[in-house]
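Below is one structure, written out as structure tokens; comments come after it.
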Amino acid sequence: MNSVASVDSTTIWNDCLAIIKPEVDEHSFETWVKRIIPLRADGEVLTIQVPSQFFYEWLEEHYVPVLKKAVHHVLGKGGRLEYSVVVDSGNKQSPPVMVNYPNGNGPNRNGSVQPVNGSDVYSPFSFRALNPQTVNSRLNPNYTFDNFIEGDCNRLARSAGLAVSKKPGVTSFNPLMLYGGVGVGKTHLVQAIGNEIKKSLPHKIVLYVDQNDFTSQFLNALQNNKMQDFQNFYLQVDLLILDDVQFLAGREKTQEIFFHIFNQLHQSGKQIIMTSDCPPRDMKGFQERLLSRFKWGLTADLQEPDFETKLAIINKKMQSDGIDIPKEVAEYLAYSVDTNLRDMEGVLNSLLFHATLLKKEIDLELAKEVLKNIVKEIQTDVSVDFIQKTVADYFKVELEAMKGKVKKREIVIPRQTAMYFCKRFTQLTLALIGDNFGGRDHSTVIHALESVEDMMKTDANFKNSIEELTKKFKSRISA
Ligand code: ADP
Ligand code: MG
């Protein structure tokens with residue numbers, strides 16, 4: 001570059017800056033405009049250097065009108081901008097690698113950027129290359145496919161996850177968007193995918209971030225003028241896992257940058273996995289273009305686990321900790337903890353603590369005690385206790401008598417009725433229902449259910465009572 005040209009371009013650029021400055025806010029000016037370096041002026045073409053591909057796209061999307069205005073003003077109506085984008089800042093031995101674009105075209109949408117009369121070596125983001133062996137993926141090795149129990153509640157999500165872990169970026173599940181309520185296993189599953197890829201494809205760079213990480217890194221980078229490092233880092237990742245993406249809601253700037261990172265990664269065949277607490281169609285506070293990207297690949301939900309899945313999770317966890325847990329205790333827990341699986345973790349850990357450190361035997365008694373002490377807030381909508389109380393009140397009999405062994409008919413009928421509702425409104429097994437009524441066995445419970453059904457057929461009053469009680473329990477469920 002000869003000095004005359006460089007003086008020229010600097011002067012021209014300074015004139016442009018005078019026009020641009022009043023048009024953009026100070027922060028944007030510092031972050032974006034100030035980092036543009038005028039390279040050369042050639043007739044009506046001013047070439048400016050920008051630090052990255054991302055930076056270039058950002059300018060194209062946000063600052064084209066004001067840049068155009070400035071260039072037209074300074075260079076005349078035919079004035080044009082060309083960008084020179086640094087794709088490799090080089091080192092002492094090798095000079096920086098650049099690609100050039102004329103302004104207004106944008107990067108081409110079907111893949112990589114085409115160099116325009118510049119270098120023919122396009123080496124995107126080789127800048128400060130990350131080492132897959134040393135980069136901290138932020139994965140918890142305890143979350144694997146092995147200990148992720150498959151059930152109806154998560155089958156689609158799990159198999160999509162497996163497919164992605166075998167061929168990241170290659171399947172049409174890109175992005176893979178998993179959604180579901182609290183504690184249904186989203187984090188476990190996406191971490192399992194990450195761990196699997198790290199194991200089978202060790203040359204891939206895997207990165208797990210929760211949204212708070214992303215946001216705080218972003219703000220940090222913005223404040224310290226490290227935007228370039230920030231995006232360069234993300235753009236080198238082969239598998240990006242963004243957990244709980246709903247936290248991006250309403251964060252315009254963070255969404256902007258994520259949008260660009262998303263596009264870049266997606267275009268270069270990198271895998272993106274996201275989780276959210278609701279499906280993209282219900283996500284509020286998101287730019288439409290970002291939401292539409294979320295739907296490009298596969299969206300799969302995880303539901304609250306059913307009884308069998310919970311049971312399997314309990315058994316697996318206890319097994320891996322080398323603890324035997326009686327069937328009835330596992331069933332009791334699977335039934336009782338129906339809020340979410342994180343509460344279940346707490347209960348199981350506490351049971352483990354009692355069993356291993358206090359050397360207590362894990363039985364129903366202990367399980368009930370732990371459940372009571374550890375997760376007070378756990379309440380099923382319709383619990384056995386609630387059913388028993390409601391039925392005893394309704395028939396005006398003593399609760400304790402109804403739960404006990406008294407064989408009088410006026411007690412037996414309420415007892416059988418309560419058993420019937422336990423079967424209808426809880427997931428308790430017959431054996432466990434019997435257990436809650438003075439330790440009766442499952443055949444007694446079956447007999448009770450049959451009696452109630454018979455009486456409903458023959459006794460209109462009784463049928464009416466059952467219907468009234470049913471309403472009480474149902475209103476409790478929908479409340
Ligand atoms: P989310 O991210 O959806 O809120 P997590 O992934 O944190 O839920 O799951 C909560 C707990 O439940 C974790 O300890 C996780 O290991 C466990 N868990 C959830 N689903 C399963 C499953 N299918 N198999 C085994 N453990 C599971
Ligand atoms: Mg989670």
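Start at 1 and go down the list; that is how both ligands and their atoms are numbered. Nothing fancy with the numbering, it's 1 onward along the sequence.
For the residue pair Asp454 / Ser451, no side-chain donor-acceptor distance below 3.5 Å is found, with atom types taken as modelled.
The ligand atoms of ligand 1 that sit less than 4.0 angstrom from a heavy atom of Asn154 are 23 (N). The distance from ligand 1 to the heavy atoms of Gly181 drops below 4.0 Å at these ligand atoms: 3 (O).
Distances between N or O atoms of Tyr143 and those of ligand 1 include no value under 3.5 Å.
By the 4.0 Å N-to-carboxylate-O rule, Glu468 lies too far from Lys471 to be salt-bridged with it. Using a 4.0 Å cut-off between charged nitrogen and carboxylate oxygen, Arg440 and Asp435 do not count as a salt-bridge pair. With respect to Lys389 and Asp393, no salt bridge is recorded, no charged nitrogen being found less than 4.0 Å from a carboxylate O.
Residue contacts with ligand 1 for His188 involve both N, CA, C or O and side-chain atoms from C-beta outward (heavy atoms, distance under 4.0 Å).
Under the 4.5 Å side-chain criterion, counting only non-hydrogen atoms from C-beta, Phe262 is in contact with His266. A 4.5 Å side-chain heavy-atom check between Val209 and Asp243 finds every atom pair outside the cut-off.
Given atom 8 (O) of ligand 1, the protein heavy atom at minimum distance is Gly185 N, 3.1 Å. If you check which protein heavy atom lies closest to atom 10 (C) of ligand 1, you get Arg342 CG, 3.6 Å. Asn147 O, 3.1 Å is the protein heavy atom nearest to atom 25 (C) of ligand 1.
Which of Asn349, Asn142, Ile149 comes nearest to atom 24 (N) of ligand 1 through a heavy atom is settled by distance: it is Ile149.
In summary, Thr275 places no N/O/S atom under 2.8 Å from the Mg ion (ligand 2), failing the contact criterion.
Between Phe214 and Phe247, a ring centre-to-centre spacing not shorter than 6.0 Å is recorded.
Not a single heavy atom of Cys153 sits closer than 4.0 Å to an atom of ligand 1.
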